[in-house]
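Everything on this sheet refers to the single structure shown next.
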Amino acid sequence: AARAERRGAPFRAVVLLCPARPGWARQLPGAFERPLTTPALIGAGAQDAVVGNGDELATLFARPERRTHAEGHRPLPAADAAAYADSVARFLDWHGRADE
(Lines give C-alpha, C1' and ligand atoms only; values in the text may rest on other atoms or scores of the structure.)
Protein backbone atom coordinates (compact mmCIF):
# COMPACT_ATOMS: atom_id res chain seq x y z
CA ALA A 1 0.00 0.00 0.00
CA ALA A 2 2.82 2.39 0.86
CA ARG A 3 4.48 1.64 -2.47
CA ALA A 4 1.26 2.35 -4.35
CA GLU A 5 0.95 5.68 -2.57
CA ARG A 6 4.67 6.36 -3.05
CA ARG A 7 5.21 6.81 0.68
CA GLY A 8 7.93 5.32 2.85
CA ALA A 9 10.49 2.69 2.05
CA PRO A 10 9.29 -0.66 0.69
CA PHE A 11 9.42 -3.61 3.05
CA ARG A 12 12.00 -6.28 2.27
CA ALA A 13 9.57 -8.91 3.59
CA VAL A 14 6.50 -9.29 5.81
CA VAL A 15 5.51 -11.88 8.40
CA LEU A 16 1.80 -12.12 9.17
CA LEU A 17 0.73 -14.48 11.96
CA CYS A 18 -2.93 -15.36 12.56
CA PRO A 19 -3.95 -12.77 9.99
CA ALA A 20 -7.36 -11.82 8.71
CA ARG A 21 -7.68 -10.10 5.36
CA PRO A 22 -6.72 -6.53 6.19
CA GLY A 23 -9.00 -3.55 5.72
CA TRP A 24 -6.46 -1.81 3.54
CA ALA A 25 -7.17 -4.25 0.73
CA ARG A 26 -10.69 -2.80 0.54
CA GLN A 27 -9.59 0.79 1.22
CA LEU A 28 -7.01 0.85 -1.58
CA PRO A 29 -8.24 -1.68 -4.17
CA GLY A 30 -6.04 -0.18 -6.88
CA ALA A 31 -2.95 -1.13 -4.88
CA PHE A 32 -3.99 -4.77 -5.03
CA GLU A 33 -5.00 -5.17 -8.66
CA ARG A 34 -1.96 -7.43 -9.04
CA PRO A 35 -0.51 -9.65 -6.33
CA LEU A 36 2.17 -7.98 -4.22
CA THR A 37 5.72 -9.13 -4.95
CA THR A 38 6.97 -8.46 -1.42
CA PRO A 39 8.13 -11.77 0.08
CA ALA A 40 5.48 -12.82 2.60
CA LEU A 41 5.32 -15.50 5.26
CA ILE A 42 1.79 -16.22 6.45
CA GLY A 43 1.40 -18.35 9.54
CA ALA A 44 -1.89 -19.60 10.92
CA GLY A 45 -3.56 -22.32 12.89
CA ALA A 46 -5.46 -24.88 10.85
CA GLN A 47 -8.26 -24.79 13.43
CA ASP A 48 -8.43 -20.97 13.76
CA ALA A 49 -12.11 -20.11 14.13
CA VAL A 50 -11.36 -16.39 14.71
CA VAL A 51 -9.68 -15.29 11.48
CA GLY A 52 -9.38 -18.48 9.44
CA ASN A 53 -6.24 -20.05 8.07
CA GLY A 54 -4.84 -17.12 6.06
CA ASP A 55 -5.96 -18.37 2.63
CA GLU A 56 -7.80 -15.16 1.80
CA LEU A 57 -4.82 -12.99 2.77
CA ALA A 58 -2.46 -15.20 0.76
CA THR A 59 -4.27 -14.19 -2.44
CA LEU A 60 -2.83 -10.67 -2.06
CA PHE A 61 0.75 -11.93 -2.55
CA ALA A 62 2.39 -13.36 -5.65
CA ARG A 63 4.25 -16.21 -3.92
CA PRO A 64 3.53 -16.31 -0.19
CA GLU A 65 5.24 -18.88 1.98
CA ARG A 66 2.89 -20.59 4.39
CA ARG A 67 3.38 -22.03 7.87
CA THR A 68 0.46 -23.88 9.40
CA HIS A 69 0.16 -25.52 12.78
CA ALA A 70 -2.57 -27.83 14.01
CA GLU A 71 -3.87 -25.51 16.73
CA GLY A 72 -6.35 -22.65 16.73
CA HIS A 73 -5.91 -18.87 16.97
CA ARG A 74 -2.35 -18.57 18.22
CA PRO A 75 0.66 -17.10 16.44
CA LEU A 76 2.96 -19.94 17.56
CA PRO A 77 1.89 -23.48 18.34
CA ALA A 78 2.25 -24.49 21.97
CA ALA A 79 3.56 -27.91 20.97
CA ASP A 80 6.50 -26.70 18.85
CA ALA A 81 6.86 -22.94 19.29
CA ALA A 82 10.67 -22.90 19.12
CA ALA A 83 10.88 -24.70 15.76
CA TYR A 84 8.08 -22.55 14.34
CA ALA A 85 9.81 -19.37 15.54
CA ASP A 86 13.09 -20.59 14.02
CA SER A 87 11.41 -20.98 10.63
CA VAL A 88 10.14 -17.39 10.88
CA ALA A 89 13.64 -16.18 11.85
CA ARG A 90 15.18 -18.01 8.87
CA PHE A 91 12.63 -16.39 6.55
CA LEU A 92 13.48 -12.93 7.89
CA ASP A 93 17.21 -13.60 7.77
CA TRP A 94 16.98 -14.73 4.14
CA HIS A 95 14.76 -11.90 2.92
CA GLY A 96 15.96 -9.16 5.25
CA ARG A 97 19.53 -8.95 3.99
CA ALA A 98 20.50 -5.76 2.22
CA ASP A 99 21.49 -6.11 -1.41
CA GLU A 100 25.23 -6.01 -1.70
Side-chain angles (χ1 to χ4, degrees):
R3 184 178 296 164
E5 299 238 327
R6 299 189 192 330
R7 293 185 297 163
F11 290 113
R12 294 183 190 277
V14 295
V15 174
L16 304 159
L17 302 176
C18 294
R21 186 176 179 116
W24 34 260
R26 286 183 300 278
Q27 295 166 354
L28 297 169
F32 301 97
E33 290 173 347
R34 290 178 308 211
L36 300 172
T37 58
T38 304
L41 176 94
I42 300 171
Q47 304 302 318
D48 191 337
V50 178
V51 297
N53 63 7
D55 285 348
E56 189 177 0
L57 179 68
T59 65
L60 298 178
F61 294 92
R63 293 180 20 225
E65 290 187 34
R66 303 291 301 270
R67 301 288 185 279
T68 304
H69 58 78
E71 299 175 34
H73 187 67
R74 11 176 348 119
L76 302 175
D80 203 11
Y84 198 88
D86 284 346
S87 74
V88 171
R90 283 191 305 276
F91 175 85
L92 289 173
D93 181 51
W94 177 255
H95 293 289
R97 287 180 279 175
D99 294 333
E100 296 180 25

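Just so you know, residue 1 is the first one in the sequence shown, and it goes up from there. Since the structure is predicted, the reported quantities are computational estimates derived from the model, not experimental observations. Note: hydrogens, waters and symmetry copies are ignored here, and every other heavy atom, side chains too, is used.
Heavy atoms only, all atoms of each residue included: Gly54 and Ala44 are closest at N-CB, 4.3 Å. Residues Ala31 and Leu36 share a closest heavy-atom pair of O-CD2, 3.9 Å. For the pair Thr38 and Ala13, the tightest heavy-atom approach, listed with the atom from each and the gap, is CG2-CA, 3.9 Å. Counting all heavy atoms, side chain and backbone alike, Ala58 lies closest to Pro64 at O-CG, 3.7 Å.
Counting only distance, with no hydrogens or angles, the side chain of Gln47 and the backbone of His69 share no donor-acceptor pair below 3.5 Å. A donor-acceptor pair is defined here as one N or O able to donate and one able to accept, closer than 3.5 Å; such a pair exists between the side chain of Glu71 and the backbone of Ala78.
Residues satisfying the ring-ring contact (aromatic ring centres under 6.0 Å, His included) criterion with Phe61, sequence neighbours excluded, are absent altogether. Asp80 meets the salt bridge (charged side-chain N to carboxylate O under 4.0 Å, His left out) test with no other residue; sequence neighbours excluded.
Here the side chains of Leu57 and Pro22 are in contact, with some heavy-atom distance below 4.5 Å.
Leu60 and Val51 end up in different hydrophobic clusters when Ile, Leu, Val, Met, Phe, Trp and Tyr side chains are linked at under 4.5 Å.
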Point to revise | side-chain contact (heavy atoms from CB on, under 4.5 Å) between Val15 and Leu92, intermediate numbers included | key: CA-CA 8 Å; Val15 174; Leu92 289 173; 3.6 Å; yes
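Contacts classified as side-chain hydrogen bond (donor to acceptor under 3.5 Å, both in side chains) and involving residues 83-92 (residues at least two apart or in different chains) are given here: Arg67-Ser87.
Salt-bridge formation is not detected for the pair Asp48/Arg74: no Lys NZ or Arg NE/NH1/NH2 atom is positioned less than 4.0 Å from an Asp or Glu carboxylate oxygen.
Exactly one residue among Ile42, Val14, Asn53 makes a side-chain contact (heavy atoms from CB on, under 4.5 Å) with Pro19. That residue is Ile42.
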